[in-house]
Protein chains: 2
Amino acid sequence: MELDARKVTILKAIIKTYLETGEPVGSRTISKYSDLQLSSATIRNEMSDLEEMGYIIQPHTSAGRIPSDKGYRFYVDQIMEEKDQEVTEIKELMVQRVDRVELLLKKMAQILAANTNYAAMISGPQYHQNKLKFIQLSRVDERKLLVVTVVEGNIIKNAIIDVNEAVGDEELLNLNILLNTSLNGLTIEEINLGVISRLKEKAGLHSHVVELVLNEVAEAIRVDEEELEIYTSGATNIFKYPELSDGEKASKLLSTFEQKEVLQDLIDEVNQNEHDSDTGIQVYIGDEMPVQGMRDCSVVTANYELGEGLRGTIGIIGPKRMDYEKVLGTLKNLMNQLDMTFKKEKGD
Amino acid sequence: MELDARKVTILKAIIKTYLETGEPVGSRTISKYSDLQLSSATIRNEMSDLEEMGYIIQPHTSAGRIPSDKGYRFYVDQIMEEKDQEVTEIKELMVQRVDRVELLLKKMAQILAANTNYAAMISGPQYHQNKLKFIQLSRVDERKLLVVTVVEGNIIKNAIIDVNEAVGDEELLNLNILLNTSLNGLTIEEINLGVISRLKEKAGLHSHVVELVLNEVAEAIRVDEEELEIYTSGATNIFKYPELSDGEKASKLLSTFEQKEVLQDLIDEVNQNEHDSDTGIQVYIGDEMPVQGMRDCSVVTANYELGEGLRGTIGIIGPKRMDYEKVLGTLKNLMNQLDMTFKKEKGD
DNA sequence: TATTAGCACTCTTAAAAGCCGAGTGCTAAT
DNA sequence: ATTAGCACTCGGCTTTTAAGAGTGCTAATA
C-alpha cells in the first residue's frame with residue numbers, strides 16, 4: 001500500500017491531536033478538525049489502512065487510534081527536517097554570570113525542564129582530550145599542600161595532599177615552575193611514563209611530591225569520570241501526563257531517573273549512535289529506548305559543546321506524545337545560545 | 001483519665017503494629033499479639049479510652065485504630081530516651097577517601113536513603129564563622145587570574161577574574177604575600193572596611209586587583225549561601241508506602257522534595273528550634289511539619305558537624321509510620337562516625 | 001468491680017451488574 | 001471514490017450487592 005499525501009495529512013492530524021489530548025482520537029474528530037473535507041467514514045477507511053500499515057494502533061476495539069512507535073518516528077522525522085528556529089527566553093537566563101560549569105549545567109537542566117514541562121538531564125562534560133592549562137601548588141598547613149589543576153575550558157579541580165617531607169618556600173616555587181613548564185599544554189593522555197620519569201628526575205629530592213601531585217591530577221580526572229556528573233531536573237513533571245503517572249509506572253520511572261548510572265548508560269548509548277551527526281540530535285521513541293524502565297517514554301538527546309573539546313549530552317524525557325516540535329526547537333535554540341556564548345568568551 | 005502502664009503497653013503495641021503493616025489495627029490483633037493476656041473486648045475498651053485521650057484515631061467507624069500525631073509523638077519521645085546504638089555498615093563506606101565535602105555529603109545522603117528506605121536530604125555546611133586559611137592568586141591567561149580561597153575545614157573555592165591591567169610575576173608574588181599576611185586567620189566578618197582600605201593602600205598600584213579579589217572572596221561565600229546546596233536521595237522510596245504513593249500525594253510530595261528552596265526553609269525552621277540541644281535531633285510529625293506539602297510525612301532531623309564550625313543539617317523524610325527506632329539509631333550512629341572521622345583527621 | 005462473650009450494627013472495599021457513549025466496520029446509496 | 005446510516009463492540013462509570021473486619025453495647029461471669 002502507498003502512503004499517499006492524504007494519508008500523511010491524516011496521520012499527522014491524528015498524531016498532533018493525540019499529542020494535545022493524550023486520548024485516542026476517533027475518525028469524527030479528524031473529519032471535523034482537518035481542513036480536508038472528508039466524512040468520518042472516509043477517514044475511518046484511511047485509518048484502517050494506516051493501522052494496517054503499522055502507523056497507528058487501536059488500544060482496543062471501539063476506541064480511537066493512537067500513534068504507534070512507528071507513527072511517532074514518522075512524525076519526528078518529518079519535523080526534524082522542517083523546524084529550525086523559534087527563539088525562547090533562555091537567552092536572558094544564559095546571560096547571568098556563570099563561573100562554574102557545574103552551575104551552568106544545573107541551571108540549564110532547570111530551564112529546560114521548566115520550559116518544556118518534561119524531565120531534563122544533562123551530563124557533565126567529559127574532557128579526555130583536554131589540555132592541562134595550569135597547575136598550582138601551595139602550602140596550606142605544615143605538611144599539607146593544595147593542588148589546583150586548571151584544564152582548558154577553565155575547569156578547576158582542587159585537592160589537598162599530605163606530604164611527609166617538609167618543603168621550603170623556594171622549593172615549592174621551583175616545583176611550581178617545573179610542573180608548569182613540563183606539563184602545560186599537554187593532554188591527559190600525553191602525560192605518559194616518559195614525561196613522568198623525566199619530571200621526577202628533575203624534581204630530584206622532591207620526586208615523591210611530584211608523584212603525589214600527579215596522582216592527584218590523575219585522580220581528579222578519574223573521579224570525574226566515574227562520578228557520573230549528571231544533573232537532572234523536572235522529574236516530577238511526569239505527573240502532568242496521566243499515562244505515566246499511575247503508581248506503578250511513575251514509581252519505576254522516577255526510580256530510573258534517580259539512578260545516575262542508568263542515565264549514564266543511556267548517554268553512552270546515545271553517543272555511540274550519533275547518526276544525525278549534523279546537529280547531534282537524536283530521538284528515541286518507546287521501545288527504541290536503550291534503557292529499560294523508560295519504555296513508555298521518549299527521549300530527545302543532543303550534544304552540546306562548550307569551548308574546546310568540552311562536550312556533553314542533554315536529554316529531554318517525556319511521554320511518547322511529547323511535543324516534539326517544541327522540544328526540538330528548544331534544544332536547537334539552546335545549542336545556538338551555547339555556541340554564541342562560548343564563541344564570544346573565546347573571542348574576548 | 002490516667003495513662004496507666006497497661007494503656008501504655010497497648011498504645012505501643014498498636015503503634016508498632018501499625019508501623020509494620022500500615023493498616024489500621026484492630027482490637028483482636030492486639031489481643032493476640034501482645035503478651036498481656038486480654039480479650040479483644042477488653043482491648044476495645046482500652047482503645048476507646050486511648051482514642052478519647054487523643055492518642056489514636058479511627059479513620060472511620062468500624063475500622064481499626066491508627067496512631068494520631070499525638071500518639072506518634074508519645075512513641076517517639078519514649079524511644080528517644082531508650083535507644084542509643086546499633087552499628088550499621090555506614091562505617092566502612094565512610095572510610096573511603098573523601099576529599100571534597102560535597103562528595104561526602106552526596107554519599108551520605110545516598111547511604112541514608114538506602115539504609116532507611118526513606119528519603120534523605122543533607123544541607124551543605126554553612127560556614128559564616130569560618131576563618132580564612134589561605135588565598136592563592138595565579139595567572140592562567142594574560143589577563144586572567146585564578147583566585148583560590150581556602151577556609152578552615154579545607155573548603156576550597158575557585159574563581160577566575162579578568163584584570164584589565166598587566167600584573168608581573170613579581171607583583172603577583174607580592175600580592176599573594178600581602179593578601180595572605182593580611183587576611184589569613186580572619187573570619188569573613190572580620191574582613192571589614194578598615195582591613196580592606198589598609199590592604200588597598202599597601203597594594204598601591206594594584207589596588208584594583210585587590211578589590212576584584214576581595215569581591216571574589218565575598219562572592220564565593222555569598223553564592224554558597226544562596227546556592228542552597230542541598231543533596232537529596234531516595235525520593236522515590238516513598239512509593240514503598242501506599243499511603244503516600246497515590247498519584248495526587250506522590251506528585252505533591254516529590255515536587256516539594258525537588259524544590260531546594262522549600263527544603264532550605266525546612267532546615268532554617270529546624271535550626272531555629274533546636275530544642276533537643278543534646279544531640280540536635282528533632283522529629284516533626286505530620287502537622288508539626290513546618291513545610292506545607294509534607295504534612296502527610298514525618299521528618300527526623302539532626303545537625304552534623306565536620307570540624308570547626310562546619311555544620312549542616314540532615315533530614316530523613318518518610319511516612320508518619322516511619323520506623324523511628326531505626327532512623328534515630330542510624331542518625332545517631334552516623335553522627336558518631338562523623339565525629340570520629342573528623343576528630344581523627346584533626347588529631348593527625 | 002474488672003473482664004469477657006456474644007451479637008447487632010456500621011462502614012469500607014471488592015466484585016458484579018448494568019448503562020452509556022464513543023467509535024468502529026460494514027453495507028448500500030450516491 | 002465518497003458518504004450516510006446502522007448495528008455492534010467494548011471500555012469506563014455508576015449502582016448494586018456481598019463479604020469482612022471491627023466496633024459498641026449489654027449481659028454474663030469470676
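Every chain is numbered from 1 and lettered A, B, ... according to where its sequence line falls, protein lines coming before strand lines. If you're wondering where the values come from, they're calculated on a predicted model, not measured in any experiment.
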Original post:
Near DNA chain C, under 4.0 Å by heavy atom, which residues of residues 54-62 of chain B?
Top reply: B/H60, B/T61, B/S62

**OP:** For the helix from C/dT1-D/dA30 to C/dT30-D/dA1, figure out the bend between the end axes, five pairs an end, and round to 10 degrees.
**Re:** 20°

Original post:
Rounded to the Å, how far apart are B/L38 CG and D/dT29 P?
Top reply: 20 Å

Original post:
Do the side chains of B/Y241 and B/R321 get nearer than 4.5 Å, heavy atoms only?
Top reply: yes

Original post:
Starting at the 5' end of DNA chain C, which residue's closest nucleotide do you reach first, B/A63 or B/R44?
Top reply: B/R44

**OP:** Look at the side chain of A/T301 and the backbone N and O of A/G315, then say whether any donor-acceptor pair between them is shorter than 3.5 Å.
**Re:** no

Original post:
Between B/Y33 (OH) and D/dG22 (C1'), how many Å, whole number?
Top reply: 20 Å

**OP:** Send over the distance from A/E46 CD to D/dT3 P, rounded to a whole Å.
**Re:** 11 Å

**OP:** Identify whether any heavy atom of A/Q37 sits under 4.0 Å from a base atom; if not, whether one sits that close to sugar-phosphate; answer base, sugar-phosphate or nothing.
**Re:** sugar-phosphate

Original post:
Is the shortest side-chain N/O distance from B/T42 to OP1 or OP2 of C/dA2 below 4.0 Å?
Top reply: no

Original post:
Atom CD of A/E52 and atom P of C/dT24: how far apart are they, to the nearest Å?
Top reply: 16 Å

Subject >> A/S48 side chain vs A/R44 backbone, donor-acceptor pair below 3.5 Å >> reply: no

Original post:
Just by modelled atom types, is the A/T313 backbone N or O under 3.5 Å from a matching donor or acceptor in the A/S123 side chain?
Top reply: yes

**OP:** Using atom CD1 of B/I66 as one end and atom C1' of D/dG22 as the other, report the distance to the nearest whole Å.
**Re:** 15 Å

**OP:** Over 60° means perpendicular and under 30° means parallel, so classify the ring planes of B/Y72 and B/Y18, tilted if in between.
**Re:** tilted

Subject >> Donor-acceptor contact below 3.5 Å, side chain B/E258 vs main chain A/A235 >> reply: yes

**OP:** Taking A/N115 for its side chain and A/T330 for its backbone only, find out whether a donor-acceptor pair lies under 3.5 Å.
**Re:** no

Original post:
Distance-only, no hydrogens or angles: does the B/Q282 side chain make a donor-acceptor pair with backbone N or O of B/V270 under 3.5 Å?
Top reply: yes

Original post:
Just by distance, with hydrogens left out, do B/Q264 and B/D268 show a side-chain donor and acceptor under 3.5 Å apart?
Top reply: yes

Original post:
Starting at the 5' end of DNA chain D, which residue's closest nucleotide do you reach first, B/R65 or A/R6?
Top reply: A/R6

Original post:
What is the distance from CG of A/L36 to P of D/dT2, rounded to the nearest Å?
Top reply: 11 Å

Original post:
For the pair made of CE in B/M47 and P in D/dG24, what is the distance, rounded to whole Å?
Top reply: 9 Å

Original post:
In whole angstroms, how far is the C1' atom of C/dA5 from the CZ atom of B/R28?
Top reply: 13 Å

